[in-house]
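Below you'll find the structure, written out as structure tokens, and then a few comments.
Quick note on labels: first sequence line is chain A, next is B, and so on, each numbered from 1.
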2 protein chains.
Amino acid sequence: MKEGPDIAQIGALIGDPARANMLTVLMGGRALTATELAGAAGITLSTASSHLAKLEAGGLVSQRKQGRHRYFALADDEVGLMLEGLMGFAAHRGFLRARPGPKDPALRKARVCYNHLAGDFGVRMLDRLVADGHVSVDGDDAALTAEGEAKMAGIGIDVTGLRSQRRPVCRTCLDWSERRSHLAGSLGEALLSRFIETGWARRSEDSRAIHFTPKGERQFLDLFPLPERR
Amino acid sequence: MKEGPDIAQIGALIGDPARANMLTVLMGGRALTATELAGAAGITLSTASSHLAKLEAGGLVSQRKQGRHRYFALADDEVGLMLEGLMGFAAHRGFLRARPGPKDPALRKARVCYNHLAGDFGVRMLDRLVADGHVSVDGDDAALTAEGEAKMAGIGIDVTGLRSQRRPVCRTCLDWSERRSHLAGSLGEALLSRFIETGWARRSEDSRAIHFTPKGERQFLDLFPLPERR
DNA sequence: TTCATACTTCGATCGTAACCGAAGCATTGT
DNA sequence: ACAATGCTTCGGTTACGATCGAAGTATGAA
């Protein structure tokens, strides 16, 4: 009867509260076990297992066996981008959960979006990269310039290594709190990893927040100075 | 328990096949009556009415009374952008409906995305505007330059009129068939309207396809020449 | 081998929401 | 005034899927 893609299946997958909770938690970027996800969603293990099987069949999550654990994660960047887009829409329409708790300001400042940096810091980083001619943006695509490649080398990121993967190096991702774009793709992931490796920042245990140390924040802002207010 | 926006409610709204069908049809940009939407979704009028009430309560559609008809349409541009984003994801993952029928090539060439031009023609139009310095793109935001404003005046579009509205003039929208951006916003809407007013193109009766006349296509390509293949 | 942990599968229950037909309003046309 | 059209509301049925506990499977530890 209909033309075009079928959005009902995806909507139905996301539409169950238990599954939506799991996906939201997985947006934190960590791979989690079925037991952890069950706890996060407030359901028993057997129910969680059933939900995870559906999410996997739908291609939204993937599992990796490791010993007697099974770690679940979002299937790929695309899923993360799609979910962040939905969250942006939901946030803008007032579909908010319970209360914007005390963690909220921290989330808006810096948080992980599946595997890369989002929030105010993420948006400003991309702003700066674009303003300095290190990244060029075209629609939702983005590309690293030669100057940008040099800058990344200075930070300690091997761009040629990233290029050899099949994933796109640069992508933009719409930020639900800022409603502007930040940097995703393998470069976005590498940058966040680097910040954590060097001890500038650490992931929160129980939320998507990224906490910068005072020193780390200074060095981050040194690398990516704030643009003048527009 | 949870932080951040609640995507489950929106997912559930979209997750019902009947509602998803209605939304897909409304992506055609026309305002339709409850009876028409019931037919499109293959359900009775009473069921359709119930679904439409839910979609309206969720802010996805709005209704306008006109005589004894009630016309339903997507609530605003944001909804259209969100749905197009979901469709892009769905198409890329193979969540396709039945068969990509004969209408499919026409849809990929040019179709309406809620109220603006999408498909190959839409993507190329934005490409050309950017290449000529008529539109500048920054993430998902976009802006019309002074040169661009002159060009629009030449086409017969009153940009100052558009600016006086509260809607953004320019936005980018991710195209599900091309996986690149095209132009949305009030300017995107005005351009499509203009193409139809001038008789260069017409909307298909029963799908989202936009059909250009031979003459219209020539004039369109004259205004927005194809960029050299990259 | 035996036990413990991590997870899946099975079977059964339960609640919700999708659905339809009939009846009720509202608006327009005659 | 009366009929016709367009849609909503109501009542009742039905079906699906979310949920849980218990039993089954796999992996690792003792």
* **Residues B:Leu192, B:Asn115; criterion side chain to side chain contact (heavy atoms under 4.5 Å, CB included); working and verdict** => CA-CA 8 Å; B:Leu192 176 57; B:Asn115 57 17; 5.9 Å; no
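- For the pair A:Lys54 and D:dG17, the criterion of a side-chain N or O lying under 4.0 Å from OP1 or OP2 is not met.
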* To do: Take A:Ser50 and A:Thr47 through the side chain to side chain donor-acceptor pair (under 3.5 Å) test and state the conclusion after the steps.
  => CA-CA 5 Å; A:Ser50 155; A:Thr47 308; over 6 Å; no
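- Of the two residues near DNA chain D, A:Ala18 and A:Lys65, the one whose nearest nucleotide lies more 5' is A:Ala18.
- Set against D:dG6, C:dT8, C:dC19, the side chain of A:Ala34 has C:dT8 as its closest nucleotide.
- At a threshold of 4.0 angstrom between heavy atoms, the contacts of B:Ala53 with the nucleic acid are absent.
- Aromatic ring orientation, B:Phe195 versus B:Phe224: perpendicular (interplanar angle above 60°, classes split at 30° and 60°).
- Across all strands shown, B:Ser50 has no heavy atoms under 4.0 Å from either base or sugar-phosphate atoms.
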* **Trace of the salt bridge (charged side-chain N to carboxylate O under 4.0 Å, His left out) decision for A:Asp77 with A:Arg171** => CA-CA 10 Å; A:Asp77 291 14; A:Arg171 287 206 61 168; over 6 Å; no
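- As a whole-Å value, the separation of B:Gln63 CD from C:dT27 P is 13 Å.
- Within the nucleic acid shown, B:Ala48 has no heavy atom closer than 4.0 Å to any nucleic acid atom.
- Residues B:Ser186 and B:Glu189 bring no donor and acceptor atom of their side chains to less than 3.5 Å of each other.
- When the nucleotides C:dC19, C:dA18, C:dT8 are ranked by their closest atom to the side chain of B:Arg19, C:dA18 comes out on top.
- Within the structure, ring-ring contact (aromatic ring centres under 6.0 Å, His included) contacts touching residues 32-70 of chain A (residues at least two apart or in different chains) are A:His69-A:Tyr71.
- For A:Arg93 (side chain) and B:Gly59 (main-chain N/O), a donor-acceptor pair under 3.5 Å exists by modelled atom type.
- Atom CZ in B:Arg64 sits about 17 Å away from atom P in C:dT27, given to the nearest Å.
- A side chain to side chain contact (heavy atoms under 4.5 Å, CB included) with A:Leu55 holds for exactly one of A:Val79, A:Leu74, A:Leu23; it is A:Leu23.
- Between A:Thr35 and C:dC7 there is a side-chain N or O to OP1 or OP2 distance below 4.0 Å.
- For the OP1/OP2 pair of C:dT27 and a distance below 4.0 Å, the side-chain nitrogens and oxygens of B:Arg70 include no atom meeting the criterion.
- The nearest whole Å value for the distance from the CE atom in A:Met22 to the C1' atom in C:dC7 is 13 Å.
- Straight-line distance from the CZ atom of A:Phe72 to the P atom of C:dC7: 8 Å, rounded to whole Å.
- Atom pair B:Leu45:CG and D:dA4:C1' shows a separation of 15 Å (rounding to whole Å applied).
- In this structure, the CG atom of B:Leu37 is 12 Å from the C1' atom of D:dC7, given to the nearest Å.
- Checking the phosphate oxygens (OP1, OP2) of D:dA4, no side-chain nitrogen or oxygen of B:Arg68 falls inside 4.0 Å.
- Between the CG atom of A:Leu55 and the C1' atom of C:dT8 there is a distance of 16 Å, given to the nearest Å.
- You'll find that the side chain of B:Asp16 is closest to C:dC19, out of C:dC19, C:dC7, D:dT8.
- The side chain of A:His51 contributes no N or O atom lying less than 4.0 Å from OP1 or OP2 of D:dG17.
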Extract from the structure each pairing of a protein N or O with an N or O of nucleotides 21-25 of chain D at less than 3.5 Å, listing the distance.
{"unit_1": "D:dG21", "atom_1": "O6", "unit_2": "A:Ser46", "atom_2": "OG", "d": "3.2"}

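- Remark: C1' of C:dT5 and NE2 of A:His69 are 8 Å apart, rounded to the nearest angstrom.
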